[in-house]
Engineer: 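Take a look at the following structure, please.
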There are 2 protein chains.
Amino acid sequence: MGTTQLESVPEPKYWHLKTVLSEALDSEFSVGEILPNERDLAARFGVARATLRQALEQLELEGRLQRRRGVGTTVAPPRVGVAVGTEQHAWPGTATDAWQLADSALELPPAAVAVALETGPEDTVHIVRRSRMTHGQPVAAELLYVPQSSVPDLSAIDAPSGTARARAVLRELQRLELEGQDSAVELGSARADDAKQLDRLPGAPVLVVTTRFFAGGRTAALSVATYRADTCRLTFGDSGGVEIHQHPERQAS
Amino acid sequence: MGTTQLESVPEPKYWHLKTVLSEALDSEFSVGEILPNERDLAARFGVARATLRQALEQLELEGRLQRRRGVGTTVAPPRVGVAVGTEQHAWPGTATDAWQLADSALELPPAAVAVALETGPEDTVHIVRRSRMTHGQPVAAELLYVPQSSVPDLSAIDAPSGTARARAVLRELQRLELEGQDSAVELGSARADDAKQLDRLPGAPVLVVTTRFFAGGRTAALSVATYRADTCRLTFGDSGGVEIHQHPERQAS
DNA sequence: AAGTGGTCTAGACCACCAC
DNA sequence: TGGTGGTCTAGACCACTTC
């Protein structure tokens with residue numbers, strides 16, 4: 001004669017906490033406002049700090065919060081839409097885009113990149129580092145891999161080092177006729193160097209956009225761009241993207 | 001005076017652990033193999049279980065591991081590429097795609113959706129639920145919002161309920177001329193209902209793909225698709241995507 | 001120096017799965 | 001019933017920022 005248990009699956013505390021906090025953020029806080037510190041919040045809700053942190057982590061993952069060590073937890077602004085697919089059929093650096101050249105060097109690429117570029121495992125390629133800013137905040141770090149065969153006329157005299165060298169590689173690249181490109185998006189975690197560029201801690205969640213550029217019947221360049229997953233919404237297609245935030249739970253019919 | 005500390009920033013234990021485990025996965029384990037349980041692993045590495053779990057969590061986030069309660073931790077297969085942008089200029093359900101219709105009903109959409117569809121806050125819309133399978137595994141759950149004005153000829157007799165009703169909505173939708181579409185990708189966490197469809201726990205990381213379909217000079221439908229972030233790589237563009245996995249750290253020059 | 005978030009510990013109990 | 005991963009606790013110390 002079992003007691004009818006509609007709540008046979010008790011909701012985890014951190015999940016419930018997250019819901020409560022989320023609603024509080026919607027109604028009682030405004031963007032940029034700082035929350036009470038974690039110890040106070042945990043005490044207020046009667047949970048251990050670790051449990052409170054589990055809820056905060058999810059809210060940060062969803063772009064609702066921003067936490068900075070030594071400073072505090074603040075209410076994050078809505079995610080910024082970042083166009084990723086509108087430069088269709090354009091080489092990187094062609095338009096006046098938001099990318100900022102960092103430097104460039106001739107290095108041995110990771111094995112997986114060498115496979116995609118169909119270069120030999122011992123062939124060095126040009127690696128151009130760029131970073132992307134929006135509203136004064138860094139949103140992406142990119143590594144652009146360009147086989148030497150794609151830019152045969154690049155002279156060492158033209159391109160001594162650093163930014164100038166990066167500019168020269170892109171300039172040479174644009175002399176090729178771009179035949180197409182494709183992209184893939186997946187979730188990753190920031191490597192130490194990317195994290196530094198993105199002003200995040202290592203391991204922070206990132207959206208990795210891998211783009212192949214085709215010319216001359218093969219992959220002429222490969223871009224691996226790492227976007228901050230907490231602050232970015234990647235947009236593809238005709239216009240600027242969609243302003244959808246799923247915060248309120250859809251009510252059942 | 002100062003001892004030269006090259007290691008002035010000690011690496012967190014979980015981060016180092018993650019690196020060690022990652023290399024072990026590459027060299028000593030094969031896909032599908034089950035790892036020792038968390039308590040044993042923690043003891044073997046001389047850390048607390050929570051610390052070990054922090055490392056495992058990251059590896060799962062990166063798609064390297066798969067953990068199932070009551071079963072164990074297994075080595076995950078490489079992420080599956082899922083085409084998201086190749087159905088350019090095609091209504092959902094047009095081609096024989098991998099989507100499986102679930103059901104449909106007339107409901108009040110979330111406020112954010114109503115704004116995007118430019119319907120009134122009190123207007124109900126058709127909501128079609130679909131799920132997407134790949135290799136026998138669920139990879140995505142979708143909610144397709146269709147304003148009643150987009151499918152004026154839909155008769156209640158044609159579409160009584162469930163799958164048949166969903167099919168009827170899509171059929172009517174395809175009578176419109178699609179003028180364009182755009183998409184946005186962002187990181188989210190699975191709601192309870194999505195989690196169930198995706199065979200994950202609530203809060204699991206997901207890639208949310210929001211697509212607007214334009215017809216008749218306005219947004220004729222809106223799709224919010226939730227993909228498993230651990231197992232999926234979303235591909236856009238001309239071909240099937242790129243097989244890049246950034247596991248090995250890029251070596252410095 | 002004080003206060004913040006980040007890391008870590010050593011436990012405990014629970015929900016789920018397979019046997 | 002035993003073993004797994006998932007949740008939770010109550011502490012401690014560390015790294016960082018700000019004053």
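Just so it is clear: chains get the letters A, B, ... in the order the sequence lines come, proteins before strands, and each one is counted from 1. Since we're looking at a predicted model, the values are computed, not measured.
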Engineer: Roughly, in whole Å, what's the span from CG in B:Leu52 to P in C:dG11?
Structural biologist: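 Checked: the CG to P distance equals 16 Å.
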
Engineer: Between the main-chain N or O of B:Gly32 and the side-chain N or O of B:Thr74, is there a donor-acceptor pair closer than 3.5 Å?
Structural biologist: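 No, the answer is negative, given that no donor and acceptor are paired below the 3.5 Å cut-off.
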
Engineer: Students often mix this up, so state it plainly: with edges at 30° and 60°, are the rings of A:Trp99 and A:Tyr227 parallel, tilted or perpendicular?
Structural biologist: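 Perpendicular: the ring planes of A:Trp99 and A:Tyr227 meet at over 60°.
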
Engineer: Please compare A:Thr51 and A:Val71 by the position of their nearest nucleotide in DNA chain D and report the one closer to 5'.
Structural biologist: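 Of the two residues, A:Thr51 wins.
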
Engineer: Look at the side chain of B:Arg49 and decide which nucleotide, out of C:dT9, C:dG6, D:dT7, has an atom nearest to it.
Structural biologist: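 Closest of the options to the side chain of B:Arg49: D:dT7.
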
Engineer: To the nearest angstrom, how far is A:Gln54 atom CD from D:dC8 atom C1'?
Structural biologist: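 Taking atom C1' of D:dC8 as the reference, CD of A:Gln54 is at 8 Å.
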
Engineer: Report yes if at least one side-chain N or O of B:Arg67 is closer than 4.0 Å to OP1 or OP2 of D:dG6; otherwise report no.
Structural biologist: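 Yes, such a contact exists.
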
Engineer: Output the single nucleotide from D:dC8, C:dT9, C:dC8 whose closest atom is nearest the side chain of B:Ala50.
Structural biologist: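 Among D:dC8, C:dT9, C:dC8, the one nearest the side chain of B:Ala50 is C:dT9.
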
Engineer: Atom CZ of residue position B:Arg68 - does it have more than 12 heavy atoms of other residues, nucleotides or ligands inside 6.0 Å?
Structural biologist: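 No - once you tally the heavy atoms of other residues, nucleotides and ligands closer than 6.0 Å, there are 12 at most.
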
Engineer: Without decimals, in angstroms, what is the distance between A:Lys13 NZ and C:dA15 C1'?
Structural biologist: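 Roughly 16 Å, once rounded to whole Å.
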
Engineer: Check the distance between D:dG5's C1' and B:Arg69's CZ and give it to me in whole angstrom.
Structural biologist: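 Atom-to-atom, B:Arg69 to D:dG5, this comes out as 7 Å.
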
Engineer: Are A:Glu23 and A:Arg64 ion-paired here, with the side-chain N under 4.0 Å from a carboxylate O?
Structural biologist: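 A:Arg64 and A:Glu23: not salt-bridged.
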
Engineer: Given the rule that a pair is Watson-Crick or G-U wobble with both distances under 3.5 Å, how would you write DNA chain C in dot-bracket, using | for pairs to a different strand?
Structural biologist: ||||||||||||||||||.

Engineer: With sequence neighbours left out, what residues match A:Glu142 under salt bridge (Lys or Arg N to Asp or Glu O under 4.0 Å)?
Structural biologist: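 A:Glu142 satisfies salt bridge (Lys or Arg N to Asp or Glu O under 4.0 Å) with A:Arg130 once adjacent residues are dropped.
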
Engineer: Without decimals, in angstroms, what is the distance between A:Arg200 CZ and D:dC16 C1'?
Structural biologist: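 The answer, rounded to whole Å, is 14 Å.
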
Engineer: Which heavy-atom pair separates B:Leu207 from A:Glu186 by the least distance, and what is that distance?
Structural biologist: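 Closest heavy-atom pair between B:Leu207 and A:Glu186: CD1-CA, 4.5 Å.
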
Engineer: Can you check the B:Phe45 CZ to C:dC8 P distance for me, whole Å?
Structural biologist: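 The distance from CZ of B:Phe45 to P of C:dC8 comes to 14 Å, rounded to the nearest Å.
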
Engineer: Does B:Tyr14 put a side-chain nitrogen or oxygen below 4.0 Å from OP1 or OP2 of C:dC8?
Structural biologist: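 Answer no for this pair, as no side-chain N or O of B:Tyr14 is under 4.0 Å from OP1 or OP2.
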
Engineer: Provide the closest heavy-atom pair for B:Thr51 versus B:Tyr14 in the form atom of the first, atom of the second, distance.
Structural biologist: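 Scanning both residues completely, I find the closest heavy atoms to be O-CB, 3.8 Å.
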
Engineer: So what does B:Arg68 hit on the nucleic acid, given a heavy-atom distance under 4.0 Å: a base, only sugar-phosphate, or nothing?
Structural biologist: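 Touches sugar-phosphate only.
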
Engineer: Using heavy-atom distances to pick each residue's nearest nucleotide on DNA chain D, tell me which of A:Gly70 and A:Val47 is more 5'.
Structural biologist: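 Nearer the 5' end of the strand: A:Val47.
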
Engineer: Please tell me which of the listed nucleotides, D:dT7, C:dG5, D:dG5, lies nearest to the side chain of B:Arg39?
Structural biologist: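 Shortest atom-to-atom distance from the side chain points to D:dG5.
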
Engineer: Please give me the minimum heavy-atom distance between A:Cys232 and A:Arg79, naming the atom from each residue.
Structural biologist: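 For A:Cys232 versus A:Arg79, the nearest heavy atoms are O-CD, 3.3 Å.
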
Engineer: Looking for any heavy atom pair under 4.0 Å, which part of the strands does B:Arg53 touch: base, sugar-phosphate only, or nothing?
Structural biologist: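 B:Arg53: base contact, heavy atoms under 4.0 Å.
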
Engineer: Send over the distance from A:Leu56 CG to D:dC8 P, rounded to a whole Å.
Structural biologist: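 For the pair A:Leu56 CG and D:dC8 P, the rounded distance is 14 Å.
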
Engineer: Starting at atom NE2 of A:His16, determine the distance to atom P of D:dT7, rounded to an integer number of angstrom.
Structural biologist: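 Whole-Å distance recorded here is 16 Å.
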
Engineer: At under 4.0 Å between heavy atoms, what does A:Leu201 touch on the DNA or RNA strands: base, sugar-phosphate, or nothing?
Structural biologist: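 The residue A:Leu201 makes sugar-phosphate contact but no base contact.
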
Engineer: Ignoring backbone atoms, establish whether B:Thr73 has a side-chain N or O less than 4.0 Å from OP1 or OP2 of D:dT4.
Structural biologist: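 The answer is no; no side-chain N or O of B:Thr73 sits under 4.0 Å from OP1 or OP2.
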
Engineer: Under 4.0 Å: is that the gap between some side-chain N or O of A:Asn37 and OP1 or OP2 of C:dG3?
Structural biologist: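 It does not, given that no N or O in the side chain of A:Asn37 lies less than 4.0 Å from OP1 or OP2 of C:dG3.
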
